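Working notes for the structure below.
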Amino acid sequence: MREFFNFILKWRFFIFFFLLECFAIFLSFSNSKLHQYIYTGSSNFMIGNIYETIYKLRNYFLLEIENKRLLNENRKLRNEHIFSKIEKISEDFKKENIDYLQQYTFTPVKIINNSIHEQENYITINKGNIDGIKPDMGIILSDGIAGIIIKTSSHFSIAISLLNPKIKVNARLKKNRYFGTLSWDGLDHEYVILYDIPRHSEINKGDIVETDGKSSTFPEGIEIGKVDSYRLDEEHANYIIKVKLMANFSTIENAYVVKNLFKKEWNNIQFYKVENK
């Protein structure tokens with residue numbers, strides 16, 4: 001028995017080669033479909049991988065094109081939406097004679113940097129002053145607002161995020177139009193706080209909170225979030241409302257910069273009002 005194992009050990013490479021040769025001859029001359037199966041299976045596997053790679057690459061580039069198309073399409077829809085315009089009433093005040101002036105336009109942008117875990121968060125976008133972007137313009141999302149531009153270069157802009165205690169936004173309850181001030185308390189990137197809603201207003205969990213149009217930055221009626229909880233501030237007789245944001249700031253990529261075509265006129269009249277109090 002020991003001699004047999006010694007023989008196997010001594011001639012192991014030759015035996016292995018011989019067995020491989022026998023298997024190759026078997027594949028070549030066998031009438032079974034094993035050879036065809038192995039060949040066909042291997043080629044199909046390779047072709048399948050090639051097609052899958054091409055499919056992924058094609059989808060990647062087509063997705064970029066589709067995203068741009070959708071952004072431009074949404075921009076047109078927003079420009080045409082009624083909250084982007086102001087009423088121009090004719091002298092006889094007949095409703096059918098009312099037409100509208102364009103007040104807001106929207107520029108699609110890409111968010112290329114966005115922080116959510118700092119105490120003061122900021123957003124960087126891929127367009128700047130050569131695209132008409134200027135400080136104090138608002139940034140909105142498909143499901144809310146994102147921030148306000150504070151600095152621009154030729155091709156990029158930085159905005160102070162809604163998730164920054166330094167930003168204050170005029171907002172209201174959609175159902176009864178009671179308005180207050182919205183800001184972030186620095187705790188959770190999914191929630192902001194709405195202050196100054198009077199105690200006699202009716203509030204329910206799930207109520208929509210939206211922009212109220214009382215500033216020159218954001219159009220009226222952009223939904224921001226929903227009431228999550230609330231409590232009464234006895235000292236000031238106002239509600240403090242915790243609002244769950246509709247937008248997920250950890251995943252935002254596409255946005256629109258809002259341009260108020262009447263911002264200069266708006267600010268001038270507000271300045272005049274303050275100066276003449």
Side-chain angles (χ1 to χ4, degrees), residues 74 78 81-86 103-106 111 114 116 119-123 135-150 159-233 235-250 252 255-260 262-263 266-267 270 273:
N74 287 335
R78 288 183 181 277
H81 197 280
I82 197 66
F83 69 59
S84 301
K85 306 174 187 296
I86 56 175
Q103 183 174 4
Y104 296 96
T105 59
F106 303 86
I111 294 173
N114 171 45
I116 61 173
Q119 281 300 304
E120 296 180 358
N121 294 291
Y122 294 88
I123 295 170
D136 296 327
M137 289 184 176
I139 301 179
I140 67 172
L141 307 165
S142 60
D143 49 2
I145 63 176
I148 299 174
I149 301 291
I150 56 172
I160 184 170
S161 172
L162 183 62
L163 304 180
N164 190 318
K166 291 182 177 180
I167 190 174
K168 310 294 181 185
V169 177
N170 294 317
R172 70 187 179 196
L173 296 171
K174 184 174 183 177
K175 70 177 183 181
N176 55 28
R177 297 169 104 59
Y178 282 112
F179 62 89
T181 303
L182 192 81
S183 66
W184 188 51
D185 59 1
L187 299 178
D188 191 326
H189 70 271
E190 294 184 348
Y191 297 90
V192 290
I193 308 298
L194 178 61
Y195 300 93
D196 303 328
I197 301 297
R199 66 183 303 164
H200 57 268
S201 62
E202 181 185 348
I203 306 174
N204 294 294
K205 185 176 180 179
D207 286 347
I208 299 294
V209 175
E210 64 181 12
T211 55
D212 67 359
K214 287 182 170 59
S215 77
S216 60
T217 304
F218 295 106
E220 177 183 3
I222 297 178
E223 295 184 355
I224 301 170
K226 295 181 179 181
V227 173
D228 182 78
S229 61
Y230 53 93
R231 62 181 177 85
L232 185 64
D233 180 0
E235 182 180 353
H236 300 95
N238 291 324
Y239 282 110
I240 298 176
I241 303 173
K242 187 176 182 180
V243 179
K244 175 72 182 302
L245 293 170
M246 292 183 178
N248 183 352
F249 272 71
S250 63
I252 55 176
Y256 302 89
V257 173
V258 182
K259 181 178 182 180
N260 185 347
F262 298 107
K263 188 177 184 69
W266 178 304
N267 290 338
Q270 295 297 321
K273 183 175 68 175

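In this chain, residues are counted from 1 in sequence order. All figures in this text were calculated on a predicted structure; none of them were measured in a lab.
For Asp207, the salt bridge (charged side-chain N to carboxylate O under 4.0 Å, His left out) criterion is met by Lys175, not counting sequence neighbours. Judged as a side-chain hydrogen bond (donor to acceptor under 3.5 Å, both in side chains), and not counting sequence neighbours, Asp185 has no contacts. For Lys226, there are no side-chain hydrogen bond (donor to acceptor under 3.5 Å, both in side chains) partners two or more places apart in sequence or in a different chain. The salt bridge (charged side-chain N to carboxylate O under 4.0 Å, His left out) test applied to Glu190 returns no partner, not counting sequence neighbours. When the salt bridge (charged side-chain N to carboxylate O under 4.0 Å, His left out) test is applied to Arg177, the partners found at least two apart in sequence or on another chain are Glu220. Residues meeting the side-chain contact (heavy atoms from CB on, under 4.5 Å) test with Ser229, sequence neighbours left out: Lys242.
Of the inter-residue distances, the one linking Tyr104 atom OH with Thr217 atom OG1 reads 8.0 Å to the nearest 0.5 angstrom. Atom CD1 of Ile241 sits about 10.5 Å away from atom CG of Leu232, to the nearest 0.5 Å. Taking CG from Asn170 and CG from Leu194, the interatomic distance works out to 10.5 Å, rounded to the nearest 0.5 Å. Annotation: the span from Leu182 atom CG to Ile167 atom CD1 amounts to 9.0 Å, rounded to 0.5 Å.
Nearest heavy atom pair, residue Asn176 against residue Glu202, reads ND2-O, 3.1 Å.
The side chain to side chain contact (heavy atoms under 4.5 Å, CB included) test with Leu162 singles out one residue from Val192, Ile123, Asn121, and that residue is Val192.
A donor-acceptor pair under 3.5 Å links the side-chain atoms of Asn260 to the main chain of Ser216, judged by distance alone. Using a distance-only test at 3.5 Å, with no hydrogens or angles considered, a donor-acceptor pair links the side chain of Tyr230 to the main chain of Ile203. A distance-only check finds a donor-acceptor pair linking the side chain of Thr211 to the backbone of Pro219 [under 3.5 Å].
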